[in-house]
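Single-structure report; data block below.
Remember, it's a predicted structure, so these values are computed and weren't measured experimentally.
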Amino acid sequence: MKINLGYVAISKTLENITSSSSLSYSIYKNLQNKEEKLYHVILSNLNDLKEIILYNIKNNIHFYRLSSAMIPLATHNEVHFDYITPYKDLYKEIGNLIKDSNMRVDFHPNQYCVLNSMSPTVVKNTVEILEYHAKLLQIFPVENPLILLHVGSSAGGKKAAMTRFVHNFYKLPMEIQKMIALENDDKVFMIEDVLNICETLNIPCVLDYHHYICNHNEELTPLLPRILRTWHDKTPKMHFSSPKSKLKKEFRSHHDYIDSSSFIAFLDILKKYYVDVDIMLEAKAKDEALFKLVRELKYKTNYEFLDDTSFNTK
C-alpha cells in the first residue's frame with residue numbers, strides 16, 4: 001500500500017510566504033486605488049503560491065490543499081472583477097508546475113459554503129463559491145479536480161438536511177458536480193450519512209478519521225470497502241489529525257502535530273485493503289508536522305520510503 005502525505009495551504013518553513021493575503025471589503029470600498037490594490041494582493045498571492053509549489057516539488061510533497069483565500073473578494077456581491085485574464089500567464093506557469101510534478105491539489109471551501117442551507121441566499125452564495133473554486137481548478141488546469149464539502153446545515157433534522165443536499169446538488173452545473181467530494185464531520189453528519197449521500201450521487205467519500213473517532217466507538221473496518229468503492233479507479237483521499245488533548249472540550253480541535261502511534265494504528269487498518277491512499281494531514285504545524293511524522297515513522301516502522309513524503313507499508 002503506497003501512502004502520499006500532504007499538508008494544508010501554508011508552509012511553516014517558508015517565512016513571509018502566503019497565498020492567503022487578504023483584503024477586506026470594508027477597507028477595499030474606501031480605497032482610492034481599490035482596483036490597483038486588489039490586483040497587487042492577488043498577484044502577491046499567486047507569486048507566493050508558485051513559491052510554495054516549488055518548495056513542495058523540491059521536498060517531494062505530492063499532495064497539497066490550495067488556499068480558498070487566494071483571490072480576495074472573488075465572491076463578494078458588491079465587487080465584480082476579472083480575476084482570470086490579468087494573471088493568465090501566471091496561472092499557466094503554476095499549472096504546469098503542478099502538472100509536470102504530478103502533484104495532487106484540491107480545495108476545501110470554508111464554513112460559508114453550505115449547499116443544503118434552508119436560506120435561498122446562502123445557497124445562491126454557495127453556488128458562487130463553488131463556481132469560483134471550479135474556475136481556478138479549470139484555469140490551472142488540474143487533473144481530477146476536487147472540491148471537498150461537508151454536508152452542512154442540519155436545520156429541519158438530519159434526514160431533511162441530507163435530502164436538501166441531494167436536491168441542490170442536482171441543480172449545480174454538471175462540470176461542478178463532477179468536482180465535488182463529501183467529508184464526514186465531527187458532530188452531525190457521520191461517515192454512514194455521508195456514504196449514503198455519496199452512493200446516491202456517485203461522488204467520492206472522504207474519510208476524516210479524527211471526525212470519525214469524535215462520534216464513533218465501533219470499528220471502522222466494515223465501512224471501509226464502501227468508502228473505497230466511491231473512488232472507483234481514482235486514488236482515495238483521506239484526512240488524519242490528532243486531537244488537541246483528551247479533554248472533552250478540546251478533543252475535536254486539531255493538535256499542532258500528528259500522534260505517530262495513532263497514525264500507524266490507522267494504517268494498520270487500511271493496509272488490509274491493499275489500496276494506495278493519499279492522506280491529508282490537518283495539523284496546525286502544517287509541513288513541519290508532516291516531516292516530524294515522517295521522522296517518527298522511519299524510527300518506529302519498517303515502511304519502505306520512496307522519497308521524502310511517500311512510502312509503502314509492509
Among Leu97, Val142, Ile57, find the residue that satisfies the side-chain contact (heavy atoms from CB on, under 4.5 Å) test when tested with Met103. Ile57
If you count every heavy atom of other residues, nucleotides or ligands that lies below 6.0 Å from Tyr273 atom OH, does the total exceed 12? yes
Applying side chain to side chain contact (heavy atoms under 4.5 Å, CB included), run through Lys272 and Leu224 and close with a yes or a no. CA-CA 10 Å; Lys272 300 171 187 174; Leu224 276 170; over 6 Å; no
Spacing of CD1 belonging to Ile94 relative to CG belonging to Leu54, to within rounding of 0.5 Å: 9.0 Å
Tell me, with the steps shown, if Leu297 and Phe263 meet side chain to side chain contact (heavy atoms under 4.5 Å, CB included). CA-CA 9 Å; Leu297 292 178; Phe263 186 77; 4.0 Å; yes
Does a side-chain N-to-carboxylate-O contact under 4.0 Å join Glu93 and Lys50? yes
Give the intermediate values and the outcome of side chain to side chain contact (heavy atoms under 4.5 Å, CB included) for residues Met70 and Phe107. CA-CA 11 Å; Met70 200 183 306; Phe107 277 118; 4.0 Å; yes
Counting C-beta onward and ignoring hydrogens, is there a side-chain heavy-atom pair between Thr309 and His62 closer than 4.5 Å? yes
Name the residue from Asn4, Asn60, Ile61 that meets the side-chain contact (heavy atoms from CB on, under 4.5 Å) definition with Asp307. Asn60
Apply side chain to side chain contact (heavy atoms under 4.5 Å, CB included) to the pair Phe165 and Leu182, showing each step before the final yes or no. CA-CA 11 Å; Phe165 185 95; Leu182 268 188; 3.6 Å; yes
Cluster question for you: counting only ILVMFWY and a side-chain heavy-atom cut-off of under 4.5 Å, with indirect links fine, are Phe240 and Trp231 together? no
Rounding to 0.5 Å, atoms CG (Leu46) and CG (Asp89) come to a distance of 12.0 Å
Taking the six-membered ring for Trp, are the ring centroids of Tyr132 and Tyr83 within less than 6.0 Å of each other? yes
